[in-house]
Amino acid sequence: MKHVRAPLFHVTGLLTIISLSACTTLLPVSPSGASAALPEHYDGATSDTFGVDQAVLRAAERSGNGGLAIRLAEQQLGSHPERWQIRVTLARLWSRAGRHDEAAHVLAPLGDDHRPTVLRERARIALAHRQAASARRWLEEALDATPQLPEAGNMLGVALDMLDESSAAQTRYRMVLKTGDDDDARYNLGRSLLTSGQPAAAVDVLQPLVQRSMQTAQSALYAMMATALVRSGDPARARELLKNWLPDTSITQWLAQAQRP
């Protein structure tokens, strides 16, 4: 079995390098009551109420049905091409589906728009292409204007980590966590601490996330936590954790590999 030396960053929508559901995005999206809010027959192209359109779109997105959400957003954009908010939403949805070229195409008509949410979505696309310097510039501008812009703080941390500025990245993740527990930021902080040679600190940061995910078998998270445990001198706990997703015959070999930086 190949040892995961550098677990991927987590940013909602960056399926190619980051994310958390199903090892492509954070924790698996479980269908919620939001799906019940969707009308049985809805056609955004015929609706003349923008607020209702947006509520239905949000319900589709919360339900975890990305395909439906994209279809609704495209219908709404066809009916309201002047609504920049729909472009931002559709770009985010395409990014979450790993279709970053489509996301860029949707944002293109906005030109050099500097609204914070537009900058965030440009940065999401840039991170997917590992254009960390551009992402950093856009995210810093967005956060200067809107300090609590959702996802932007975690994304800026990722950009800083990509630029090998781990200390600044860790500060940014901790700032996000001060405003409320955020699984993406917690995962990325743990990853950053581990890769910068602080495995014991990584264990402390990751423990709540591991506890919350014990029923969902997050193998990438377990791999990172087990590596941190081994490198902080606790192989027994690492072995116990690995039993959740590795056969016994592979654990000893995995533990030996995990000791290597």
Side-chain angles (χ1 to χ4, degrees), residues 3-30 64 92 95-96 98 120 123-124 127-128 130 132 135-136 139 143 148-232 234 237-238 241-242 244-246 254 258 261:
H3 171 53
V4 181
R5 293 185 179 278
L8 300 178
F9 291 109
H10 282 183
V11 168
T12 303
L14 301 197
L15 301 180
T16 56
I17 57 170
I18 316 173
S19 253
L20 289 178
S21 324
C23 282
T24 52
T25 39
L26 183 48
L27 298 177
V29 178
S30 55
R92 184 179 70 250
S95 283
R96 287 180 173 177
R120 182 191 61 198
R124 196 190 308 272
L127 287 174
R130 292 198 168 271
R136 176 184 187 174
L139 289 165
L143 286 165
Q148 301 304 319
L149 182 65
E151 300 184 76
N154 176 58
M155 291 168 66
L156 178 54
V158 171
L160 291 166
D161 258 327
M162 286 183 176
L163 294 167
D164 295 324
E165 297 184 30
S166 59
S167 180
Q170 290 159 22
T171 297
R172 179 57 62 175
Y173 299 137
R174 292 186 190 280
M175 288 173 63
V176 174
L177 290 172
K178 282 183 179 179
T179 65
D181 209 352
D182 180 292
D183 286 346
D184 286 330
R186 182 170 291 281
Y187 180 101
N188 289 336
L189 176 57
R191 180 197 189 281
S192 185
L193 289 166
L194 177 59
T195 56
S196 64
Q198 304 174 70
V203 169
D204 291 342
V205 166
L206 293 172
Q207 186 59 43
L209 194 55
V210 170
Q211 287 298 117
R212 288 198 294 272
S213 69
M214 289 302 288
Q215 304 302 316
T216 56
Q218 295 293 308
S219 59
L221 173 61
Y222 286 179
M224 183 162 63
M225 181 62 160
T227 300
L229 286 166
V230 169
R231 294 182 186 174
S232 61
D234 197 347
R237 278 181 66 195
L241 181 64
L242 292 173
N244 289 290
W245 61 283
L246 273 184
W254 197 100

Are the side chain of Arg231 and the backbone of Ala200 linked by a donor-acceptor contact shorter than 3.5 Å? no

Provide the closest heavy-atom pair for Ala228 versus Ala202 in the form atom of the first, atom of the second, distance. CB-CB, 4.1 Å

Note: Leu139 and Ala123 closest approach over all heavy atoms is CG-CB, 3.5 Å

Please identify each residue that fulfils salt bridge (Lys or Arg N to Asp or Glu O under 4.0 Å) with Asp181, with sequence neighbours left out. Arg186, Arg212

Could you list the residues that satisfy side-chain contact (heavy atoms from CB on, under 4.5 Å) with Arg237, not counting sequence neighbours? Val203, Gln207, Met225, Leu229, Asp234

Search all heavy atoms of Ala185 against all heavy atoms of Val176 and return the closest pair with its distance. CB-CG1, 3.7 Å

As an exercise, state the distance from CG of Leu206 to OH of Tyr222, rounded to the nearest 0.5 Å. 12.5 Å

Within this structure, what is the CZ-CG distance for the pair Arg136 and Leu163, rounded to the nearest 0.5 Å? 6.0 Å

Going by atom types alone, do Ser196 and Gln170 pair a side-chain donor with an acceptor below 3.5 Å? yes

Here the pair of heavy atoms bringing Ala223 nearest to Trp254 is O-CH2, 3.3 Å

Between Ala238 and Val230 the two heavy atoms that sit nearest each other are CB-CG2, 3.6 Å

Do Tyr173 and Asp161 have side-chain atoms, one donor and one acceptor, less than 3.5 Å apart? yes

Nearest 0.5 Å please: distance from the CD atom of Gln198 over to the CG atom of Leu193. 5.0 Å

CE-OG1 distance between Met224 and Thr195, expressed to the nearest 0.5 angstrom: 9.0 Å

Quick check: do Asp182 and Tyr187 have side-chain heavy atoms less than 4.5 Å from each other? no

Looking only at heavy atoms, what is the nearest atom pair of Leu143 and Ala152, with distance? CD2-CB, 3.7 Å

How long is the straight-line distance from CE of Met155 back to CZ of Arg124, given to the nearest 0.5 Å? 4.5 Å

In Asp183, Asn188, Asp184, the residue satisfying side chain to side chain donor-acceptor pair (under 3.5 Å) with Asn154 is Asn188

Not counting sequence neighbours, which residues clear side-chain hydrogen bond (donor to acceptor under 3.5 Å, both in side chains) with Thr171? List them please. none

Gap between atom OG of Ser192 and atom CZ of Arg174 - 0.5 Å precision: 9.5 Å

